[in-house]
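One structure is given here, and the rest of the page talks about it.
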Amino acid sequence: QGTGHIWLDDMNCTGTEADLSACRTSRTRPWGERNCNHGEDAGDVCSGNSQPASLRLVDGLTRCSGRVDVVYGQCWGTVYDDDWDLIEAEVVCRQLGCGKALSATHGAYFGQGSGPIRLDDVRCTGTEAALSQCRATSWGSHNCAHGEDASVVCT
């Protein structure tokens, strides 16, 4: 059992939400409003699957340059360039063992992908070991087209 203030009660999630705040529906109580006690505290057990999503660079001039593709559900797809800058490029280069990021290119610089759109609004802090550890919209959720595919050039 926990102690202190109970912030969430009567949660109703579908399992597709990016975080608990997205679970709120008309039946869910506002933050901090509750009709329960710590005897109803909830918890979860994660799968422990900490393997980062695989990346590849496509259509670049070297193995360390190109459009960023990421695998999800055993299928490759693209990453979009909203908020894409050297911080995200640095994480990609690090994950692929390609040295430092020289540029984070926008607008499908290395050509448009044709597969599914996997990640949008990726925001890294720069300390992540893999792109899939960065914040982003839910897998497959996007508001863009392949003309916004993200690319990198690494050393």
Side-chain angles (χ1 to χ4, degrees), residues 2 7-28 30-31 41-155:
W7 289 104
L8 297 171
D9 187 17
D10 296 332
M11 296 303 296
N12 184 13
C13 303
T14 65
T16 60
E17 299 84 3
D19 57 58
L20 282 176
S21 65
C23 296
R24 301 180 61 181
T25 66
S26 60
R27 295 180 12 189
T28 304
W31 283 84
D41 286 350
D44 67 350
V45 177
C46 299
S47 68
N49 182 5
S50 61
Q51 294 298 317
S54 295
L55 292 182
R56 67 183 180 190
L57 299 178
V58 180
D59 294 334
L61 301 175
T62 69
R63 79 167 194 87
C64 290
S65 67
R67 184 182 65 251
V68 181
D69 278 5
V70 62
V71 72
Y72 180 76
Q74 301 178 343
C75 183
W76 289 98
T78 57
V79 176
Y80 287 92
D81 64 11
D82 293 348
D83 300 321
W84 192 254
D85 61 25
L86 278 174
I87 295 172
E88 288 75 30
E90 192 68 37
V91 173
V92 169
C93 295
R94 180 182 311 122
Q95 181 176 349
L96 294 174
C98 286
K100 296 284 185 185
L102 296 176
S103 66
T105 59
H106 298 89
Y109 183 84
F110 288 103
Q112 294 185 17
S114 59
I117 299 165
R118 292 295 183 208
L119 288 174
D120 189 15
D121 299 322
V122 179
R123 292 171 304 282
C124 302
T125 64
T127 61
E128 298 87 354
L131 191 67
S132 58
Q133 295 172 340
C134 300
R135 293 183 58 126
T137 55
S138 299
W139 286 95
S141 177
H142 61 88
N143 62 352
C144 46
H146 283 293
E148 296 180 61
D149 286 343
S151 301
V152 300
V153 176
C154 309
T155 58

What one should report as the nearest heavy-atom pair of V68 and L55 is CG1-CD2, 4.2 Å
Does any non-hydrogen side-chain atom of E88 lie less than 4.5 Å from one of C134? no
I87 meets the side-chain contact (heavy atoms from CB on, under 4.5 Å) criterion, sequence neighbours left out, with D85, C124
For A108, the side-chain contact (heavy atoms from CB on, under 4.5 Å) test, sequence neighbours excluded, returns Q112, D149
Residue set satisfying side-chain contact (heavy atoms from CB on, under 4.5 Å) with T127, at least two apart, ordered chain then number -> T125
Any donor and acceptor pair, going by atom type alone, linking the side chain of W84 with main-chain N or O of S151 inside 3.5 Å? yes
I want to check something: taking the side chain as every heavy atom from C-beta on, are V58 and T78 in contact at a cut-off of under 4.5 Å? no
So disulfide bond (SG atoms under 2.5 Å apart) across residues 54-87, not counting sequence neighbours, yields C64-C98
Taken to the nearest 0.5 Å, the spacing of D81 CG from T105 OG1 works out to 8.5 Å
To the nearest 0.5 Å, atom CZ of R118 lies from atom OG of S132 at 13.0 Å
For residues 96-109, the salt bridge (Lys or Arg N to Asp or Glu O under 4.0 Å) pairs (sequence neighbours left out) are E90-K100
Residue pairs meeting salt bridge (Lys or Arg N to Asp or Glu O under 4.0 Å), one or both in residues 64-73, sequence neighbours left out, come to R56-D69, D59-R67, R67-D69
Taking OH in Y109 as the centre, count heavy atoms belonging to other residues, nucleotides or ligands within less than 6.0 Å. Is the count above 12? no
